[in-house]
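All remarks here apply to the structure that follows.
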Amino acid sequence: MSAVPGPYVMLSENHGSVRPPPYRRNVPRYEHRKSGRSWCYRFICCFYCFLFLLIILLAGFAFFFYIVYKPQAPTYKVEGLEIKAFQAQLADFSINTEFVVSVKADNPNNAIGVIYGHDSSVVVLYKETTFCSGKLPAFYQGHKNTTVMKLDLKGKSEFGSGLQEALTQNQNSGRVPILVKVKAPVTVVLFQIPLRKIVVYVNCSLVLDSLSPNKKPGIVSTKYDIRVSL
Ligand SMILES: *[C@@H]1O[C@H](CO)[C@@H](O)[C@H](O)[C@H]1NC(C)=O
Ligand SMILES: *[C@@H]1O[C@H](CO)[C@@H](O)[C@H](O)[C@H]1NC(C)=O
């Protein structure tokens, strides 16, 4: 029985500790750490290579797309305005209005289409008073397409003596300023793939030479302010 613990006591006396000798302690640990580290390096290296290639590819695609397809923003132009109704009701100082506004939408792109969404709005104002309102047609405008949208806008509004006087003055000077406010939710379609929906706000300040029923007004000037919300 006393012979069994003997060698253990001898070992600890010889080395002063139970740790293995240096060559046994270091070699396996060193190899283990080295392979772990190189696996990690390899992974990070691959990741950066992949990222770099992806960026190069995307940049190449964007450049190719830009050169080949030359993307351009669609253009919109108010072509004409027809006054269907513009009748003051003397009894309650209100006015019934119906305008038909023709807007020419031109999409010059080869690979980009535009979807016009349903919840749009078009409002015609004169000195901050709403005359009439309506919507844009909801449709898909394909590649290289020009469409004339006919917007049928109707409304009934308060029309006090102050506004009547201002309008009479504008009529006499042949410059009637009106504001057409448009809110249009649109989705850009790239190669038949719909991208995100964006909302386009347009303020179109028009100056007309007259504003009376049964007379087609001429457009003296137009100015567009456009804001896009993502
Ligand atoms: C343009 O698009 C509209 C709506 O999709 C379509 O009705 C019209 O025929 C197209 N015009 C041309 C020239 O392709
Ligand atoms: C349009 O005009 C209204 C005021 O009538 C203003 O609040 C709005 O920011 C304008 N929008 C754009 C796109 O200029």
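First listed ligand is number 1; within each ligand, the first listed atom is number 1.
Numbered from 1 in the order shown, with element, the atoms of ligand 1 that lie under 4.0 Å from a heavy atom of T147 read 1 (C), 2 (O), 3 (C). Annotation for ligand 1: atoms under 4.0 Å from non-hydrogen atoms of N145 are 1 (C), 2 (O), 3 (C), 8 (C), 10 (C), 11 (N), 12 (C), 14 (O). The ligand atoms of ligand 2 that sit less than 4.0 angstrom from a heavy atom of D225 are 13 (C), 14 (O).
Between K223 and D225 there is a salt bridge, since at least one side-chain N of the basic residue sits less than 4.0 Å from a carboxylate O of the acidic one.
Residues G142 and N107 come closest through the heavy atom pair O-ND2, 2.9 Å. Heavy-atom minimum distance, K156 versus S94: CE-OG, 3.3 Å. Of all heavy-atom pairs between G174 and V220, the closest is O-CG2, 4.2 Å.
At the shortest separation from atom 13 (C) of ligand 2 among protein heavy atoms lies R227 CB, 3.5 Å. Considering only non-hydrogen protein atoms, atom 4 (C) of ligand 2 sits nearest to K181 NZ, 4.2 Å.
F131 and F159 have tilted rings, their planes meeting at an angle from 30° to 60° on a 0 to 90° scale.
Just one of V114, V199, V228 meets the side chain to side chain contact (heavy atoms under 4.5 Å, CB included) condition when paired with V186; it is V114.
Taking any N or O of Y140, backbone or side chain, at least one lies under 3.5 Å from an N or O belonging to ligand 1. Between N203 and ligand 2, a contact under 3.5 Å exists for at least one N or O pair. Below 3.5 Å of separation, one finds no N or O of T146 facing any N or O of ligand 1.
Note that atom 11 (N) of ligand 1 has protein non-hydrogen atoms nearby, at separations under 4.0 angstrom. Within a 4.0 Å radius of atom 7 (O) of ligand 1, the protein has no heavy atom.
Other residues, nucleotides and ligands place more than 12 heavy atoms under 6.0 Å from the CD atom of E79.
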